[in-house]
Amino acid sequence: MITTILWDVDGTLLDFKAAEKAAVRNLFEEFGLGECTDEMIARYSFINEIWWQRLERNEITKPEVLNGRFRQFFGEYGIDPDLAEKFNQRYQLALGDTIVYRDDSYEIVKSLKGKVKQYVVSNGTVIAQTKKLKASGFDELMDGIFLSEEIGCEKPNIGFFGPVFETIEEKRRSQIVIVGDSLTSDIRGGMNAGIVTCWYDPEKKEIPEGYRIDHVIADLHEIYSLI
Ligand SMILES: [Mg+2]
């Protein structure tokens with residue numbers, strides 16, 4: 001029986017792509033960089049994912065990700081790469097300006113409050129996630145929030161989960177589930193931590209090999225069947 005849910009935020013509880021698109025678009029205007037087309041946003045989004053995956057593999061540091069992705073993106077479109085740092089600083093806050101819930105995530109988390117323990121487990125930055133979790137109301141619903149930047153280690157590394165297990169009440173790993181959209185950080189992290197894994201796959205992608213995925217859900221409402 002699951003007593004504890006570890007929720008990923010970006011792309012799971014919240015629609016990250018919507019927030020990302022609005023933030024980049026608005027900042028292009030603010031910085032006087034002209035129009036940021038859908039094609040450019042898609043390219044940025046792709047570049048961003050590659051940089052985050054390098055962080056998950058511990059190849060680079062988070063500041064390198066945050067600035068490097070924009071340096072690469074700007075470089076490809078003839079924009080001064082030196083703008084990256086300033087742009088990223090504004091971007092961290094701008095990400096929290098657009099809150100779009102995935103499925104009925106707010107209502108789902110709210111309805112589970114008191115029935116199971118719920119925690120946020122996120123690799124997002126403290127600045128962005130703090131603003132986002134407050135604006136979305138999740139900060140009041142959760143029993144705790146674990147951010148990699150505060151822990152000093154990213155999902156999927158086991159080092160991320162040590163402080164989580166020390167803090168949460170449930171000590172039986174088989175009663176704890178991690179729910180997330182990322183195979184490389186959430187599912188791999190759950191495997192490393194020896195807890196139950198639940199892949200949120202709304203696009204119904206093919207189930208890949210090499211992962212222990214205990215549950216697959218295409219809609220967050222399916223979480224009730226695990227409890
Ligand atoms: Mg995610």
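Counting starts at 1 for both ligands and their atoms, in listed order. No experiment lies behind these values; they were computed from the predicted model shown. This chain uses plain numbering: 1 for the first residue, then up along the sequence.
Using a cutoff of 4.0 Å between basic side-chain nitrogens and carboxylate oxygens, Asp214 and Arg212 are scored as salt-bridged. For the pair Glu170 and Arg172, the salt-bridge criterion is met [side-chain N within less than 4.0 Å of a carboxylate O]. Using a 4.0 Å cut-off between charged side-chain N and carboxylate O, Arg25 and Asp38 make a salt bridge. Salt bridge status for Lys117 with Glu169: present, with a side-chain N to carboxylate O gap under 4.0 Å. For the pair Glu30 and Arg90, the salt-bridge criterion is met [side-chain N within less than 4.0 Å of a carboxylate O].
Each protein N, O or S atom less than 2.8 Å from the Mg ion (ligand 1) was counted, giving 3.
The structure places OH of Tyr91 at 5.5 Å from CZ of Arg69, a figure rounded to the nearest 0.5 Å.
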